[in-house]
Colleague: 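Below you will find the structure I want to go over with you.
Here is the naming used below: chain letters follow the sequence lines, and residue numbers restart at 1 for every chain.
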There are 2 protein chains.
Amino acid sequence: MPNTGKTESVRSRPPEARPLDAFDRRILGELAADAALSYADLGSRVGLSAPAVHERVKRLRTTGRIRGTVALLDGPSTGKPFLAFVHVDSTGWGKTQELLDLAELPEVEEIHSVAGDTCMLLKVRCQSSRALEGLLARLYAMPSVKATRSYVVLSTYLERPPQAGMTETLETEWAAGEADDTRP
Amino acid sequence: MPNTGKTESVRSRPPEARPLDAFDRRILGELAADAALSYADLGSRVGLSAPAVHERVKRLRTTGRIRGTVALLDGPSTGKPFLAFVHVDSTGWGKTQELLDLAELPEVEEIHSVAGDTCMLLKVRCQSSRALEGLLARLYAMPSVKATRSYVVLSTYLERPPQAGMTETLETEWAAGEADDTRP
DNA sequence: CATTGCTCCGAATGAGGTTCGCTATTGAAA
DNA sequence: TTTCAATAGCGAACCTCATTCGGAGCAATG
């Protein structure tokens, strides 16, 4: 059966453009807390049948909303009790490739380019302060690295992956006593 | 059946004291990358049968090595494209309770106490720069908060949960050209 | 040398993931 | 307004896989 170009152009809008509805948000919230839930349980929590949530979860995966399903390891009890954030000052913007190569080390969990008084921000978790020192030595061995500032974590009060919920009042509440809302 | 105190004292050593062997490490590595693996697949990868890995994974869970199994959400495509690290200077050490209450906001992903020129470090992910501003307003509304410094993430090159692997050479390699190893 | 406990494996069972066909609903075209 | 097509939902069925059970090999203990 031949399909008209007109119909096709309407129907084949990119799937990732479709916005998340309330069902999707609740599914994401549940799975971000516990991905070991059965589809039957998940369905009863959000008010859908098992095949229906299965279909939605599959789409959330293929469209990239869900990046993966992983086991969260506990740093201290798996041999990496030392956590630190390292700010890196480097010369030039194009020379950051060697910094990105640090991604091969399992101790390096995050590499961000940030706006502020530093260029790059690393989150590293390793087995000892000596290992942290070794990582800093690797940094300083790079010609482009000018300086670093390390923030060693003393206590972690909260640490979790991205959450599904959003605080709507964050965008409006604070401005109530300060100025009128200038948005349209 | 009564058990002798002697046997009990020997047998009931804390389970978390048992060190991880090579099998455990490989299992943790696989599950940290993909927790949706079947036990049969996981077993064939590490060289054990399905019931054997099942038993080990169960123990890794109960002993806290595995904190949970979760779906990793993609921030930008789930409505939170803005990521920032906020350093907080606060007066006094006991007054941090109001900071810890921020954990109720789904935008706040991490709260650490750090050593360095700041007291606390937050990782926050929210829907807009305006929401980030609202969160900063909440911070400054706290009497104990003296100052904040924000690092807005421009690009994220790497972001992943704790990994199982460890770079052994980090503890030794760097010191080779500097000084002799002083460890026993 | 006997015993105790641990961990592994193969087999069996039952729960749950996955697919299929059908129906209701929505939105667009005639 | 009528008609058509596509979507998303559900119940039932299938089939994979998680989970349990019993037994064997092994190490450490007394």
Colleague: Check whether K123(B) reaches the backbone of L83(B) with its side chain - one donor and one acceptor, N or O, closer than 3.5 Å.
Modeller: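 Such a contact is absent between K123(B) side chain and L83(B) backbone.
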Colleague: Could you tell me which residues satisfy salt bridge (Lys or Arg N to Asp or Glu O under 4.0 Å) with R56(B), sequence neighbours excluded, listed by chain and number?
Modeller: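 By the salt bridge (Lys or Arg N to Asp or Glu O under 4.0 Å) rule, R56(B) matches D21(B), D24(B).
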Colleague: Measure centre to centre between the rings of H87(A) and H87(B), then say whether the value is under 6.0 Å.
Modeller: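 Yes, ring centres under 6.0 Å apart.
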Colleague: Indicate whether any N or O donor in one side chain lies under 3.5 Å from an N or O acceptor in the other, for E110(B) and T156(A).
Modeller: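 Judged by distance alone, the side chains do not pair up.
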Colleague: Going 5' to 3' through nucleotides 9-25 of chain D, assign each nucleotide B (protein heavy atom under 4.0 Å from a base atom), S (under 4.0 Å only from sugar-phosphate atoms) or - (no protein heavy atom that close).
Modeller: SBBB-----SSB-----
Colleague: Looking only at side-chain N and O atoms, does R61(A) offer a donor or acceptor that is under 3.5 Å from a partner on T69(A)?
Modeller: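 Side chains of T69(A) and R61(A): pair found under 3.5 Å.
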